[in-house]
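Worksheet: one structure, shown below.
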Amino acid sequence: MEIKIAEFAGFCFGVKRAMDVAWKKLHENSGTAIYSLGPLIHNKQAVERYQQEGLKIADSVEEVEDGSVVIIRSHGVALSVYDELMSKNVEIIDATCPFVSKIQKIVSKDYAQGKAIIIVGDPQHPEVIGINGWCENGAVIIKELGDLDNMEWDKTKEYSVVVQTTMNSDGYESIQNKLEEMLPSVVFNNTICSATCERQEASRKLSEKVELMIVIGGLHSSNTRKLAQVCSNNCKTMHIETKDDLDVEEICSYSTIGITAGASTPEWIIEETVEYIKEADENRR
Ligand code: SF4
């Protein structure tokens, strides 16, 4: 069996930065409670490891203790959340990915100039919810091309479009083309993150050369799900969270296996999976 790992797989720059900053804070032993607003990343196993080190997860600002430390994860938050946190006298550790901060700034500036904001992305995703909070939650959010059917537009307005960093580039392109036809005055800011493009492209290339692709990452991780979608166009694809989700007999029926992982998948989970497959292959000989 031949196992190939995609050129770009696992933690991206923004996630690694947030994880490192949280780890450092957890080991300062200050005795102060440390929260992340929402799970630090979309990876259950990594979050559990951080919880064992003392990290608490708050689903909302109300759950945060006064005077504690609060880590804002790489997805970022709405502008109003900073004010809410400051009113609780907490120490804010802002681990918003710089690429997400850039989108928030574009939205804030364009909205202040009177433009209407369009966000292309998943309305349920924390990054999109956060970005919308930089234009008083007034953005039109478009998840897929079909959302544009029968949509009414105020054509006297100027529109500014931003994109969720983990959006699939092909999906965005088709939405951009349609919006271009529909709106007389629109500025497009393609804010898809290069880490996302690199992972999608590397996974796509690898999926053309193997019989089976294993995509490792949280089942709720948007960027991991998109990697699985890209790979499934070319070969049989399995989306797993850890090696325990693999069916040994099934994987051993393939002679070339490609491995990729979402931007929130830790290196140790990738390594464990590769070792597990290698062992399974050796044991069947
Ligand atoms: S995928 Fe890109 S934007 Fe999102 S956290 Fe990673 S580096 Fe930042």
Side-chain angles (χ1 to χ4, degrees), residues 1-20 22-24 26-27 39-53 55 74 97 165-166 168-169 193-285:
M1 182 197 290
E2 198 184 352
I3 302 169
K4 296 178 179 186
I5 299 175
E7 190 185 354
F8 297 98
F11 276 1
C12 62
F13 149 78
V15 167
K16 184 169 184 322
R17 182 172 166 270
M19 296 301 275
D20 288 351
W23 194 259
K24 189 164 167 259
L26 285 166
H27 292 89
L40 205 47
I41 55 171
H42 283 151
N43 185 282
K44 198 168 66 163
Q45 294 71 24
V47 168
E48 279 167 7
R49 187 168 275 195
Y50 276 64
Q51 282 177 303
Q52 282 159 12
E53 299 297 321
L55 183 68
S74 58
C97 177
T165 53
T166 47
N168 171 299
S169 25
C193 163
S194 59
T196 305
C197 302
E198 282 164 1
R199 271 159 188 71
Q200 287 178 8
E201 192 46 25
S203 302
R204 187 190 58 74
K205 275 193 194 152
L206 185 54
S207 67
E208 285 170 350
K209 295 184 196 139
V210 295
E211 293 166 355
L212 169 70
M213 275 302 289
I214 296 175
V215 182
I216 314 167
L219 295 179
H220 301 295
S221 155
S222 145
N223 78 84
T224 311
R225 289 214 305 258
K226 276 167 197 153
L227 287 182
Q229 192 187 323
V230 166
C231 295
S232 66
N233 291 331
N234 296 322
C235 68
K236 164 87 180 163
T237 301
M238 295 175 185
H239 178 177
I240 61 162
E241 285 198 339
T242 69
K243 63 175 178 40
D244 300 331
D245 299 332
L246 287 171
D247 176 339
V248 174
E249 250 179 61
E250 191 182 355
I251 51 169
C252 285
S253 65
Y254 294 92
S255 53
T256 50
I257 295 182
I259 305 238
T260 188
S264 45
T265 307
E267 190 62 32
W268 55 271
I269 294 186
I270 304 174
E271 280 167 9
E272 254 180 22
T273 307
V274 172
E275 282 314 306
Y276 183 74
I277 298 171
K278 279 184 185 163
E279 259 176 46
D281 184 40
E282 272 163 26
N283 291 341
R284 78 182 165 136
R285 286 187 207 161

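Only a predicted model underlies this, so the values are computations on that prediction, with no experimental measurement involved.
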>> Using modelled atom types and a 3.5 Å cut-off, is there a donor and acceptor pairing between side-chain atoms of Arg225 and backbone atoms of Gly217?
In response: no
> Are Ile269 and Ile216 side-chain neighbours, meaning at least one heavy-atom pair lies under 4.5 Å?
Replying inline: yes
> Is any side-chain heavy atom of Val47 less than 4.5 Å from a side-chain heavy atom of Gln51?
Replying inline: yes
>> To the closest 0.5 Å, what do you measure between CD1 (Ile257) and NZ (Lys278)?
In response: 12.0 Å
> Step by step, would you call Asn283 with Val248 a side-chain contact (heavy atoms from CB on, under 4.5 Å)?
Replying inline: CA-CA 10 Å; Asn283 291 341; Val248 174; over 6 Å; no
>> Is there a side-chain contact (heavy atoms from CB on, under 4.5 Å) between Val15 and Asn43? Walk through the geometry before answering.
In response: CA-CA 11 Å; Val15 167; Asn43 185 282; over 6 Å; no
> For Ser203 and Leu227, which heavy atoms make the closest approach, and how far apart are they?
Replying inline: OG-CD2, 3.6 Å
> Going through the distances and angles, do Lys16 and Met19 end up as a side-chain contact (heavy atoms from CB on, under 4.5 Å)?
Replying inline: CA-CA 5 Å; Lys16 184 169 184 322; Met19 296 301 275; 5.8 Å; no
> Measuring from Glu53:CD to His27:NE2, what's the distance to the nearest 0.5 Å?
Replying inline: 3.5 Å
> So, do Thr260 and Val215 sit near enough that their side-chain heavy atoms are less than 4.5 Å apart?
Replying inline: yes
>> Under a 3.5 Å threshold, yes or no: a donor from one side chain and an acceptor from the other, between Asn234 and Ser207?
In response: yes
>> Using side-chain heavy atoms (C-beta onward) and a distance below 4.5 Å, is Glu275 in contact with Glu272?
In response: no
>> As an exercise, state the distance from OG1 of Thr273 to CH2 of Trp268, rounded to the nearest 0.5 Å.
In response: 9.5 Å
>> Could you measure the distance from the CZ atom of Phe13 to the OG atom of Ser74? Nearest 0.5 Å is fine.
In response: 10.5 Å
> Once you round to the nearest 0.5 Å, how far does NZ of Lys243 lie from CD1 of Ile251?
Replying inline: 11.0 Å
>> Salt bridge or not between Glu208 and Arg204? Use side-chain N to carboxylate O under 4.0 Å.
In response: yes
> Taking side chain as C-beta onward, heavy atoms only, is Glu250 less than 4.5 Å from Met238?
Replying inline: yes
> Do you know which two heavy atoms are closest between Asn223 and Gly262, and how far apart they sit?
Replying inline: OD1-CA, 3.3 Å
> Which heavy atom in His42 sits nearest to a heavy atom in His220, and how many Å separate them?
Replying inline: ND1-O, 4.0 Å
> Can you name the closest pair of heavy atoms from Gly218 and His239 and give their distance?
Replying inline: O-NE2, 3.3 Å
> How long is the span from the OG atom in Ser264 to the CD atom in Gln45, to the nearest 0.5 Å?
Replying inline: 10.5 Å
>> Walk me through whether Ile277 and Ile259 qualify under side-chain contact (heavy atoms from CB on, under 4.5 Å).
In response: CA-CA 11 Å; Ile277 298 171; Ile259 305 238; 3.7 Å; yes
> Below 4.5 Å, heavy atoms only, C-beta onward: do Ile270 and Glu267 meet side chain to side chain?
Replying inline: yes
>> So Lys209 and Thr256, do their side chains get closer than 4.5 Å, heavy atoms only?
In response: no
> Can you name the closest pair of heavy atoms from Lys236 and Tyr254 and give their distance?
Replying inline: CG-OH, 3.3 Å
>> I need the minimum non-hydrogen distance between Val210 and Lys4, along with the two atoms involved.
In response: CG1-CD, 4.3 Å
